[in-house]
Enquirer: 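First the structure, which I've put down as structure tokens, then a few questions once you've had a look.
The basis for the numbers below is simple: all heavy atoms, side chains too, and nothing from hydrogens, waters or symmetry mates. These numbers come from a predicted model, not from an experiment. Sequence positions, counted from 1, serve as the residue numbers for this chain.
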Amino acid sequence: MTPRDLAYLDHNATTPVRPEVLEAMLPFLKGQYGNPGSPYWLGQQARRAVEEARARVASFLGAADPQEIVFTSCGSESDVMAIAGAYWQAQDEAGGRRRKVVTSAIEHDAVRGVVEALRRRGASVETLGVDAQGLVDAEAAAGKISSDAAIVSVMHANNEVGTIQPVETLAEACRSKGALFHTDAVQSAGKLPLDARKLGADLLSISGHKINAPKGVGALYVRKGVRLAQTITGHQEKNRRGGTENVAGIVGLGAACELAAREAAHAGRLRAFRGKLEEGVLKIPGSRLNGHPTRRLPNCAHFSFEGLDGHNLVVALDLEGICVSSGPACSSGASTPSHVLVAMGADERLATGSLRVSFGYGTTQAHVDRLLKALPGAVEKLRHVGAAL
Ligand code: PLP
């Protein structure tokens, strides 16, 4: 089967590179291979392309100045640069008076991992819980954001259930306590209007491969005046991140941001697909929709089905040429409930039978119809198998 025949409905996992993005990148994978740090013509061509891309990303993120954008290798690196960089900088500047890191219980593993690493090295960590719809209680959180907090990191929108967090309110609470506020906007970029200044973020992460640019490039918005300890030493990116720039990837990210900004109306089309999908799926007995009913990404829906394993459902749909995802799988291949659903207090029986469907560039009504046609049979078959075991 060629990718052309697939119904790819897993855009929260990754997205195809758009032809316009590839076109913009190609010269920098061919003749224009200069190092942007080189002073001669070939290097300066690359430098110009990097700076044009920086201006595009800055405009997409509502930054006041292109120099507020630091290019990274991925969303995970942006998260680590923001959180570890802010924490270690606070240790240098505040001499241990700001040892607290505040985060939510539903963050991506990139954030969870660096927060845990800081905890092991002496940070005091406060984790904000969420309600049954995956929403952080901003008022309760404000009470936990104290004047010993160095950095608060709460994602803009959740990658599994899509719930959109009250980041403006959290950012405001941080400002009043002198703490920095970071938001992981990897999933909201290209799906929601994104304006770092309106959100009040000091630091904001995005990733190329979630917005139709290639894998291996990301960016961190760093509000002017915010200082971060270096996590990758070196002199590139104005001494903020070492490593020769991924020129082609950066150009691709710039092109993808420009396209995403131009096509903001795209979200309405995806929301219509989502409505149809939910209407159809919820007719299946023993199914439910997870996440917030209204504060949710327009492109995705997350379901639970009683009496089956989500991993097996993904495999069954793959046989029909449909790509979707379940919760994270453990090494045995059986699904374990995701930390997000656990934090939302989901019943374990339902949490293991989960399915995430996410739309994006290239999704058509025919793809949605194909899933709606295949799903009831696949669910029924797996329930039969499960009951017989
Ligand atoms: N943050 C969120 C919310 C994500 O969904 C992901 C990827 O799934 C990441 C961070 C990591 O991004 P990357 O794959 O570019 O490292």
Side-chain angles (χ1 to χ4, degrees), residues 14-82 84-86 88-89 185-186 189-190 194 196 203-262:
T14 197
T15 61
V17 174
R18 286 183 61 154
E20 305 93 316
V21 170
L22 180 63
E23 217 35 57
M25 292 172 63
L26 280 176
F28 301 94
L29 294 167
K30 292 182 174 171
Q32 295 193 42
Y33 50 79
N35 183 327
S38 299
Y40 44 77
W41 180 84
L42 191 66
Q44 289 312 294
Q45 291 294 100
R47 166 60 53 208
R48 201 168 68 198
V50 167
E51 296 314 317
E52 281 172 9
R54 199 185 305 281
R56 291 193 175 110
V57 176
S59 155
F60 176 61
L61 296 180
D65 183 336
Q67 293 310 320
E68 293 177 321
I69 305 301
V70 179
F71 290 115
T72 65
S73 67
C74 58
S76 300
E77 187 195 324
S78 301
D79 288 345
V80 172
M81 180 186 282
W88 292 121
Q89 185 70 26
V186 166
L194 202 51
L203 299 153
L204 181 149
S205 307
I206 62 165
S207 169
H209 75 104
K210 309 288 186 180
I211 57 166
N212 306 110
K215 296 161 188 65
V217 65
L220 180 67
Y221 161 83
V222 183
R223 185 178 55 74
K224 205 174 202 157
V226 170
R227 287 163 55 84
L228 300 176
Q230 264 202 345
T231 40
I232 300 183
T233 53
H235 297 297
Q236 285 86 356
E237 294 296 275
K238 296 221 171 346
N239 295 319
R240 294 176 295 184
R241 188 227 186 225
T244 302
E245 296 87 340
N246 169 7
V247 179
I250 288 169
V251 168
L253 180 62
C257 285
E258 193 171 73
L259 286 165
R262 240 195 274 151

Enquirer: Looking at residues at least two apart in the chain, or sitting in another chain, which of them share a salt bridge (charged side-chain N to carboxylate O under 4.0 Å, His left out) with Lys224?
Expert: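 Lys224 satisfies salt bridge (charged side-chain N to carboxylate O under 4.0 Å, His left out) with Asp65 only.
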
Enquirer: With a 4.5 Å cut-off on side-chain heavy atoms, are Asn212 and Pro16 touching?
Expert: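 The answer is yes; the side chains approach within 4.5 Å.
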
Enquirer: Nearest 0.5 angstrom please: Thr231 OG1 to Trp88 CH2, how far?
Expert: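 These two atoms lie 12.0 Å from each other.
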
Enquirer: Indicate yes or no: at least one non-hydrogen side-chain atom of Phe71 is less than 4.5 angstrom from one of Arg241.
Expert: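 No, side chains not in contact.
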
Enquirer: Is any side-chain heavy atom of Val70 less than 4.5 Å from a side-chain heavy atom of Leu228?
Expert: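 Counting from C-beta outward, Val70 and Leu228 never come under 4.5 Å.
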
Enquirer: Among residues at least two apart in sequence or on other chains, which ones pass side chain to side chain donor-acceptor pair (under 3.5 Å) with Ser73?
Expert: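 Once residues adjacent in sequence are excluded, the partners of Ser73 under the side chain to side chain donor-acceptor pair (under 3.5 Å) criterion are Glu77.
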
Enquirer: Which value, rounded to the nearest 0.5 Å, describes the distance between Glu237 atom CD and Glu245 atom CD?
Expert: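 Going from CD on Glu237 over to CD on Glu245, the span is 5.5 Å.
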
Enquirer: So, do Arg54 and Glu68 sit near enough that their side-chain heavy atoms are less than 4.5 Å apart?
Expert: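 Result no, sub-4.5 Å side-chain heavy-atom pair not found.
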
Enquirer: Please output the side-chain donor-acceptor pairs of residues 251-261 that fall under 3.5 Å, not counting sequence neighbours, one pair per line with the distance.
Expert:
| residue | atom | partner | partner atom | Å |
| --- | --- | --- | --- | --- |
| Glu258 | OE2 | Arg56 | NE | 3.0 |

Enquirer: Kindly compute the distance separating OG1 (Thr72) from CG (Leu220), expressed to the nearest 0.5 Å.
Expert: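 Reported value, rounded in 0.5 Å steps: 7.0 Å.
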
Enquirer: Test of understanding: with side chain to side chain contact (heavy atoms under 4.5 Å, CB included), list the residues that count as partners of Ala196, not counting sequence neighbours.
Expert: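 Scan of Ala196 (side chain to side chain contact (heavy atoms under 4.5 Å, CB included), adjacent residues dropped) gives Leu204, Tyr221.
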
Enquirer: For Cys74, is there any backbone N or O sitting under 3.5 Å from a side-chain donor or acceptor partner on Ser207?
Expert: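 Checked: no pair found.
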
Enquirer: So, taking the atom named CZ in Arg223 and the one named CG in Leu203, what distance separates them when rounded to the nearest 0.5 Å?
Expert: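 Here the rounded value is 8.5 Å.
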
Enquirer: Using 0.5 Å steps for rounding, measure from the CD atom of Glu51 to the CD atom of Gln67.
Expert: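 The distance works out to 5.5 Å.
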
Enquirer: Please enumerate all residues that pass salt bridge (charged side-chain N to carboxylate O under 4.0 Å, His left out) together with Arg18, with sequence neighbours excluded.
Expert: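 Scan of Arg18 (salt bridge (charged side-chain N to carboxylate O under 4.0 Å, His left out), adjacent residues dropped) gives Glu20, Glu263.
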
Enquirer: Report the residues that fulfil side chain to side chain donor-acceptor pair (under 3.5 Å) with Arg240, sequence neighbours left out, ordered by chain and then residue number.
Expert: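 Checked Arg240 against side chain to side chain donor-acceptor pair (under 3.5 Å); zero matches.
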
